[in-house]
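Structure record follows, encoded as structure tokens.
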Amino acid sequence: MAERPEDLNLPNAVITRIIKEALPDGVNVSKEARRAISQAASVFVLYATSCANNFAMKAKRKTLYAGDVLAAMEEMEFERFMEPLREALEVYKKGQKGKKEVSEQKRKDKEKKNDSENDKSREEEEEEEERMEEEPEAENEAEEEEVEN
């Protein structure tokens, strides 16, 4: 938990960006208004989290899931935000799935590369072993020729 109330506020840069995106160009927002919006947003997040936590607790879970948040939004009578929230969640899931697929492909490519490098190393080791086996034979033949002479 946060030790001070200020620790619960969202970052000012995030709040400023959200405000700018929500308002038409040319509209200015005072520092005091930004601060009030920031505090209101923090209170909303805390309230939504608390409501979602209640749904998780009823289900005897310690982890909050997206379904808990959706149920909390409905309980808080924010039904008009449900569909945009579902859509945003779906976009997020697709993005995560895409990242996972890319990550999995990179892992497979790396494994293939390592396997081919290991195969090359094994081939080189086998060739070296063959050379080592051939060298004593060649030395023995040379020694036999010297003994004969």
Side-chain angles (χ1 to χ4, degrees), residues 1-140:
M1 289 298 289
E3 294 177 17
R4 302 173 305 174
E6 303 86 48
D7 294 341
L8 300 175
N9 289 334
L10 299 169
N12 288 332
V14 173
I15 298 299
T16 301
R17 188 180 76 233
I18 292 170
I19 291 169
K20 283 183 179 180
E21 289 175 5
L23 296 173
D25 289 339
V27 175
N28 295 321
V29 179
S30 72
K31 188 175 180 179
E32 187 177 89
R34 272 197 308 273
R35 181 79 177 132
I37 291 169
S38 176
Q39 288 176 330
S42 295
V43 168
F44 175 78
V45 169
L46 289 170
Y47 182 54
T49 303
S50 177
C51 288
N53 187 49
N54 289 339
F55 283 101
M57 287 172 47
K58 286 177 188 173
K60 297 181 180 176
R61 289 184 279 108
K62 290 185 177 183
T63 303
L64 301 182
Y65 291 109
D68 299 323
V69 176
L70 291 169
M73 294 296 283
E74 193 170 357
E75 182 176 277
M76 295 181 330
E77 298 180 6
F78 280 97
E79 289 90 1
R80 70 181 211 184
F81 295 107
M82 297 288 289
E83 194 54 38
L85 185 56
R86 281 190 185 100
E87 290 170 5
L89 184 59
E90 200 57 40
V91 168
Y92 172 78
K93 284 180 180 179
K94 286 179 183 177
Q96 290 299 104
K97 184 179 179 185
K99 285 181 184 178
K100 186 176 181 180
E101 289 171 353
V102 167
S103 176
E104 183 67 22
Q105 187 61 44
K106 284 182 181 178
R107 187 186 62 76
K108 286 180 181 178
D109 292 345
K110 188 175 180 181
E111 284 177 1
K112 284 181 183 177
K113 182 180 176 186
N114 288 340
D115 287 346
S116 68
E117 287 175 358
N118 288 340
D119 289 345
K120 287 179 184 175
S121 294
R122 275 191 230 114
E123 289 174 5
E124 290 171 358
E125 287 175 11
E126 289 171 1
E127 289 173 3
E128 183 66 26
E129 286 176 12
E130 288 175 7
R131 280 195 299 265
M132 296 294 261
E133 290 173 1
E134 290 174 0
E135 284 179 12
E137 289 176 9
E139 287 177 12
N140 287 342

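The shown structure was predicted, so the numbers you read here are calculated from the model rather than taken from an experiment.
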What's the spacing between Glu77 CD and Glu74 CD if we round to 0.5 Å?
10.0 Å
Just to verify, what does Phe81 make a ring-ring contact (aromatic ring centres under 6.0 Å, His included) with, not counting sequence neighbours?
Phe78
Whether Arg107 and Glu111 form a salt bridge (side-chain N of Lys/Arg under 4.0 Å from carboxylate O of Asp/Glu) is what I want to check.
yes
In this structure, CD1 of Ile37 is separated from OG1 of Thr16 (nearest 0.5 Å) by 9.0 Å
Can you tell me how far apart CE (Met73) and CG (Leu70) are? Round to the nearest 0.5 Å.
8.0 Å
Donor-acceptor pairs are to be reported for all side-chain atoms of residues 40-68 against protein atoms at under 3.5 Å, with residues two or more places apart or in another chain.
from, atom 1, to, atom 2, distance (Å)
Ser42, OG, Leu8, O, 3.2
Ser42, OG, Asn9, OD1, 3.4
Ser42, OG, Leu10, N, 3.3
Ser42, OG, Ser38, O, 3.1
Thr49, OG1, Val45, O, 2.7
Arg61, NH1, Thr63, O, 2.7
Arg61, NH1, Asp68, OD2, 2.9
Arg61, NH2, Asp68, OD1, 2.8
Arg61, NH2, Asp68, OD2, 3.3
Asp68, OD2, Tyr65, N, 2.8

To the nearest 0.5 Å, tell me how far Arg35 CZ sits from Gln39 CD.
4.5 Å
Is the number of heavy atoms from other residues, nucleotides or ligands within 6.0 Å of CD (Glu32) greater than 12?
no
Taken to the nearest 0.5 Å, the spacing of Arg34 CZ from Lys20 NZ works out to 8.0 Å
